[in-house]
Amino acid sequence: MSVVVRFAPSPTGFLHIGGARTALFNWLFARHTGGTFLLRIEDTDRKRSTTEAIDAIFESLKWLGLDWDDEPVFQFARAPRHAEVANNLVKAGRAYYCYCSPEELEEMRAAALASGKPPRYNGYWRDKPESAAPDGVVPVVRFKAPQEGKTVIDDITQGTVELNNEQLDDMILLRADGTPTYMLSVVVDDHDMGITHIIRGDDHLTNAFRQYHLYKACGWDVPRFAHIPLIYGPDGAKLSKRHGAVGAEQYRKMGFLPEALKNYLVRLGWAHGDDEIMSMSDAVEWFDVANVVRSPARFDTAKLMSLNAHYIRESSNERLLQEIREMLLERYTKPQDEAFLEGLKRIARGMDGLKVRAKTLCELAESAMFYISAPTFDEEDSLQAAGKKEEFSASLAMFLECIEPLSESFDGALEESIRDFCKKRNVSAVTERIGGREHRSTGAELRLRTAQAEQRRAPGKVSDFVGAPRDEPANFRGLGISIGALLQPVRIALTGRKVSPNLFEVMTILGKEEVVKRVMAYINA
RNA sequence: GUCUCCUUCGUCUAGCGGUUAGGACAUCGCCCUCUCACGGCGGUAACAGGGGUUCGAGUCCCCUAGGAGACGCCA
């Protein structure tokens, strides 16, 4: 018999992360067994079921790449069929009309609770004759649940689970307004859809006992159940909104890749030996519901992050650029223009250096912004506030001296202003403070040594203006200059951040003119 | 309150009667290094407690404790 499974979310506005895992497990099981994965929207609660809510679920499933077979089934549309089944059960004596009011039921529950019993319906109308029915009260239809013996369910993940039938009460099948309840609808739909395996959250385990008898009363085969444990929040309680993000869509917005989320979710409650990173084709090949662990798992954002970082690193630069384009434009705050497009090209070149440092697409976009527009330095800048402005400026001046002599095609006016600046600061003539230490070196000396190094090198070897500090660090060390101290201010000036990709790479991509411009801008800020 | 389920490092888990209890994330240290990452190496860290069964128990059984879920004319 071929496997048929389904994912049956109720449209509450978004796809819950726990629902996403349930969908994923169903999908994996179907794909592994060569079976069918169906989708059913449980939209019988008319108040909550909006088209937006339904679309949100479709969107998230598509984003995750959990493709379903056939058209989705909308449960509400099948209400007449559900009612038909309920009425047949009444005719067959397996269900009956109940005239209790909601208030009476409330009292009943309170009384049961007070006497130490479970708060349930006491079957008041179960054996009452039709003639006892009060006038003007529209009844509900209740299922006659067995009152003796026990129900045994052989659950694929939970194992054999038993329940004494006295725990069961007569559940409502049809409401007073004639609409079916969830308990009826699921059973009828699952049967009509030919579902062979019901893989769903643990919270439905007790429902399974009641549903079991409904199947039996209808003369239908009971599907196999697999009740997978719920996902908990960090505090060990069922994951809910108060724990923060619980919608798949939210994770998308936070810059997570679908493969990262899937990889994370598949490992929550299931494992294949020591394999942590696995593709979906691996998962399809390896997955088995029988191996799902019975204990619930806590959601751990840190691990998701690490997986996401992994998949970002593994992604092609083209794809990443595509993914962050919108985010970049949002941060740019101006309409897309030539400068933006130019920045995009720089990002494409620098992506290798950017992506290894990002845990989310948002971080990636944020860290790439300096390729699009120059950082701004305001009074709030922590480094200025810390009183390092002067010291940094001195380092930057020296840095300019390092790269200036290597200039080949340098804008005349800019060169002029650099010379001017250095002269004013006496950079070439006095002892400088770099990185908080005194250096008995001068820009002129540095230039000289750099030039000497230049000569030692084969002609052709110098490919760009940053060659000296990168290729001849010994020169700097020889002068007692720490390259780190020299370059950190440059990093701030060029990127506006304390961390960035390799600076020589950044400089090469930005180009000499832009580098000088940004350094000058920092100094003059 | 009643019923059901759960319990291996902080977290996710491997283990399916005999293991120095393994891996991953997190954390700490070292290396690499212009920063931060990446990468490499290493460390700290767990069988909830108590009884059985057995030559032998993380693995099987029972009890206790703790946690969670379910008890709607919601799904």
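Just so we're on the same page: letters track the sequence lines, and every chain starts at 1. Only a predicted model underlies this, so the values are computations on that prediction, with no experimental measurement involved. Computed over heavy atoms, backbone and side chain alike; hydrogens, waters and symmetry mates excluded.
A:Lys355 has no side-chain polar atom (N or O) that falls below the 4.0 Å cut-off from OP1 or OP2 of B:C38. Side-chain N/O atoms of A:Arg175 include one lying less than 4.0 angstrom from OP1 or OP2 on B:A75. For B:C6, one of the phosphate oxygens OP1 or OP2 lies less than 4.0 angstrom from a side-chain nitrogen or oxygen of A:Arg294.
Of the inter-residue distances, the one linking A:Phe370 atom CZ with A:Ser500 atom OG reads 5.5 Å to the nearest 0.5 angstrom.
More than 12 non-hydrogen atoms from other residues, nucleotides or ligands lie less than 6.0 angstrom from CZ of A:Phe74. When the shell of 6.0 Å around OH of A:Tyr97 is examined, it contains 12 or fewer heavy atoms from other residues, nucleotides or ligands.
Relative orientation of the A:Phe58 and A:Trp68 rings is parallel, given thresholds of 30° and 60° on the angle between their planes.
Base pairing analysis places B:C16 opposite nothing; no Watson-Crick or G-U wobble pair with both distances below 3.5 Å involves it. The base-pairing partner of B:G39, taking Watson-Crick or G-U wobble contacts with both distances under 3.5 Å, is B:C31. The pairing partner recorded for B:C9 is none, the criterion being a Watson-Crick or G-U wobble arrangement whose two distances lie under 3.5 angstrom. In a base pair of the Watson-Crick type (N1 to N3 plus N6-O4 or O6-N4) or a G-U wobble (N1-O2 and O6-N3), with each distance short of 3.5 Å, B:U2 is matched with B:A70.
Both A:Val140 and A:Asn502 lie near RNA chain B, and the one whose nearest nucleotide falls closer to the 5' end is A:Asn502. With the nearest nucleotide of RNA chain B identified for both A:Pro296 and A:Gln488, A:Pro296 has the one nearer the 5' end.
One P atom belongs to B:C55, the other to B:U64, and the distance between them is 28 Å to the nearest Å. Taking atom P on both nucleotides, B:G18 is separated from B:G58 by 10 Å, rounded to a whole Å. As rounded to the nearest Å, B:C6 and B:C12 have C1' atoms that lie 16 Å from one another. Comparing the C1' positions of B:U44 and B:U4 gives an interatomic distance of 38 Å, to the nearest angstrom. Separation of the P atoms belonging to B:G40 and B:A48 is 33 Å when rounded to the nearest angstrom. Nucleotides B:U7 and B:C28 have their C1' atoms positioned 28 Å apart, rounded to a whole Å. Going from the C1' atom of B:A65 to that of B:G51 covers 14 Å, rounded to whole Å. Across the C1' atoms, B:U13 and B:U8 are found 9 Å apart, a figure rounded to whole Å.
Counting any heavy atom pair closer than 4.0 Å across all strands shown, A:Ser306 reaches sugar-phosphate atoms only and no base atom. In this structure, A:Thr44 reaches the sugar-phosphate backbone alone: every heavy-atom distance under 4.0 Å involves primed, P, OP1 or OP2 atoms, never a base. Within 4.0 Å of A:Leu268, counting heavy atoms only, lie sugar-phosphate atoms of the nucleic acid but no base atom.
Salt-bridge annotation for A:Arg224 and A:Asp154: present, with a side-chain N of the basic residue lying under 4.0 Å from a carboxylate O of the acidic one.
Looking at A:Arg313, its side chain has no donor and acceptor atom pair within 3.5 Å of the base of B:C38. Contact annotation: side chain of A:Arg109 to base of B:C71, donor-acceptor pair absent below 3.5 Å. Side-chain to base pairing of A:Asp202 with B:G69: no donor and acceptor N or O lie closer than 3.5 Å to each other. A donor N or O paired with an acceptor N or O is not found under 3.5 Å between the base of B:A26 and the side-chain atoms of A:Lys303. Side-chain atoms of A:Arg298 stay outside donor-acceptor range of the base of B:U11, with no qualifying N/O pair under 3.5 Å.
Aromatic ring centroids of A:Phe256 and A:Tyr311 lie 6.0 Å or more apart.
Here B:C74 presents its P atom at 13 Å from CD of A:Gln75, a figure rounded to the nearest Å.
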